[in-house]
Every structure is written in structure tokens, then in C-alpha cells.
Amino acid sequence: MQINKAKKLNKLASILWISNLQFFVLQFLVALSFKPSYSIKSNTISDLGNTVCGPYGERLVCSPDYAWMNLSLAVLSLTMIAGSYLFLRLSKHTKLEVIGFSMMALSGLGSLLVGLFPENSISSLHLLGAGLSFVFGNLAIILISKVHANLYFRRISIFAGSTALILLALLLTNNYLGIGLGGIERLVAYTQNVWMATYGILRLKKSR
């Protein structure tokens, strides 16, 4: 691949992954209209995409701007999948890279399912999407990081991905460590968002 073309693809892939930070911005804005009030500790991320007002589980959910939340998830999915594909094209195609970027793309597909099928609709597909995102996204962090040149970033990434998977196990067994359902879910989910943005920034610096 020509050097200039490779730099352009690397820049595009990096920007796509950095742009996933929109997910945080939209969550904050959608949460502002949530009724009676949105709790990071008690409410799940998916509560923001719930399309009806009323009791859901043990929570009272009403998110008037749910459409923006679900749109944000769809955009997140596209940027994750497209970025993973481009980064894979630029990689040396080692086994870890192929599996890692493929897993991150699967995580992106999971985000799409979560957005297309809110928690109050087809719950099986919603849970499938969340599972794909939580499991494969954090596994991808570990695998992709193992071939990264920066030793410090590699160690931090492996620790972050591994910790997120441990927290996922606690989440599934209803052990919330005192930070609530919403709190522990965020630690599992946000790890990959923050990591992708960081990875994108580091790769963007290399394309200059």
C-alpha cells in the first residue's frame, strides 16, 4: 500500500474511533430530559433508549429523547465497524490483530442491536447486542494491545480490558460493589469507548 494512501486511511480510521466520544455527549444530553431524574448509579445506559414511560424492572423509566440515544448507538456502531475494518487493512495481519479487530467490529454490531432493539422491545436481541459489545469489545482491547509498540499503553490496555471482563462477571451475578447496577455497567461499557478514542489519538499522531 502506498505511504500517502496508508496515512490517509490511518487518519480516517483514527478519526472514526475518536468520534465514538459522541456517545458520552448524547447520553448526557438525553439524560437531562429523563424523568423523574436520571441516576448514574441506579439507571442503566439502556434506560436512556427505552421508548415508553413507566415501570421497567424495579426502575421508573421515562426518556423523552430516547430516539437520540438510539441514533447515537447506531452511529457508534458504524464508526466502530468502519474503523476496525480500516485498521485491519493497515495491520500486518497477525493472528492477534485479525481476531482483535474482528472482535471490535462484532462489538460494534452489538451496539447496533442495542439501538435497534431497545430494552423494552425484543429483550433477547437487546441482551444479545449488549453481550456482544461487553464481551468482544473488551477482549478486543486485550488482543489488539498485545501488538502495540508502546509498552506503557499495552500494559494499561490489557489491565483495563481484563478488569472490565471481571466486572462483567460481577454484573452478571448481581454483585455491584456498592456502585449500583448503572455504575458497574458503565465501567464495563465505557472502558472500550475510552480505549478506542485513546488508540485513535495515538494512531492519529503516527499519521502526521
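For clarity, every value in this text was computed on a predicted model and none was experimentally measured. Just so you know, residue 1 is the first one in the sequence shown, and it goes up from there. Worth knowing before you read on, the calculation uses all heavy atoms, side chains too, and leaves out hydrogens, waters and symmetry mates.
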With rounding to the nearest 0.5 Å, note down the distance linking [atom1] in [X] to [atom2] in [Y].
| X | Y | atom1 | atom2 | result |
| --- | --- | --- | --- | --- |
| L112 | L125 | CG | CG | 11.0 Å |
| L106 | I99 | CG | CD1 | 11.5 Å |
| F101 | L86 | CZ | CG | 10.5 Å |
| I144 | M196 | CD1 | CE | 9.5 Å |
| I201 | L204 | CD1 | CG | 8.0 Å |
| N20 | I18 | CG | CD1 | 9.0 Å |

I need the minimum non-hydrogen distance between [X] and [Y], along with the two atoms involved.
| X | Y | value |
| --- | --- | --- |
| L90 | L9 | CD1-C, 3.8 Å |
| T191 | A164 | OG1-CB, 3.8 Å |
| Q22 | S72 | OE1-OG, 2.8 Å |
| S145 | I158 | CB-CG1, 4.3 Å |
| F34 | L60 | CE2-O, 4.1 Å |
| S39 | S42 | OG-N, 3.0 Å |

Okay, side chain of [X], backbone of [Y]: is any donor-acceptor separation there less than 3.5 Å?
| X | Y | value |
| --- | --- | --- |
| D47 | N43 | no |
| S33 | V30 | yes |
| N138 | V188 | yes |
| S107 | M103 | no |
| S123 | E119 | no |
| S19 | L16 | yes |
| T198 | V194 | yes |
| S162 | F159 | no |

Can you find a side-chain donor-acceptor pair between [X] and [Y] that sits under 3.5 Å?
| X | Y | answer |
| --- | --- | --- |
| N50 | S63 | no |
| S111 | S77 | no |
| T94 | E97 | yes |
| H148 | S157 | no |
| N120 | T51 | yes |

Go through it in stages, so that I can follow the logic: the residues are N150 and R154, the test is side chain to side chain contact (heavy atoms under 4.5 Å, CB included), and I'd like the CA-CA distance, side-chain angles, deciding distance and then a yes or no. CA-CA 6 Å; N150 188 310; R154 186 161 70 240; over 6 Å; no
The test is side chain to side chain contact (heavy atoms under 4.5 Å, CB included); show your working for I142 and L165 and say whether it passes. CA-CA 10 Å; I142 297 171; L165 289 172; 4.0 Å; yes
For the residue pair W195 and F153, does the interplanar ring angle fall in the parallel (under 30°), tilted (30 to 60°) or perpendicular (over 60°) class? parallel
Once you measure the plane-to-plane angle for Y199 and W17, does it fall in the parallel (<30°), tilted (30-60°) or perpendicular (>60°) bin? tilted
Apply side chain to side chain contact (heavy atoms under 4.5 Å, CB included) to M69 and D65, showing your working. CA-CA 7 Å; M69 178 63 188; D65 294 323; over 6 Å; no
Taking everything shown except [X] itself, do over 12 heavy atoms lie less than 6.0 Å from its [atom1]?
| X | atom1 | result |
| --- | --- | --- |
| I40 | CD1 | no |
| F24 | CZ | yes |
| R155 | CZ | no |

Are side-chain heavy atoms of [X] and [Y] found at a separation under 4.5 Å?
| X | Y | answer |
| --- | --- | --- |
| R203 | K11 | no |
| F23 | L73 | yes |
| H126 | S121 | no |
| H93 | L88 | yes |
| L167 | L170 | yes |
| F136 | M104 | no |
| V52 | Y66 | no |
| L32 | L29 | yes |

[X] with [Y], same ILVMFWY side-chain cluster at under 4.5 Å:
| X | Y | answer |
| --- | --- | --- |
| I184 | L168 | yes |
| L132 | I122 | yes |
| L181 | L187 | yes |
| L172 | I45 | no |
| L128 | L139 | yes |

Is there a side-chain hydrogen bond (donor to acceptor under 3.5 Å, both in side chains) between Q27 and Y190 once you walk through the steps? CA-CA 12 Å; Q27 282 182 68; Y190 290 172; 2.6 Å; yes
Determine, stepwise, if the pair C53 / V61 fulfils side chain to side chain contact (heavy atoms under 4.5 Å, CB included). CA-CA 6 Å; C53 290; V61 175; over 6 Å; no
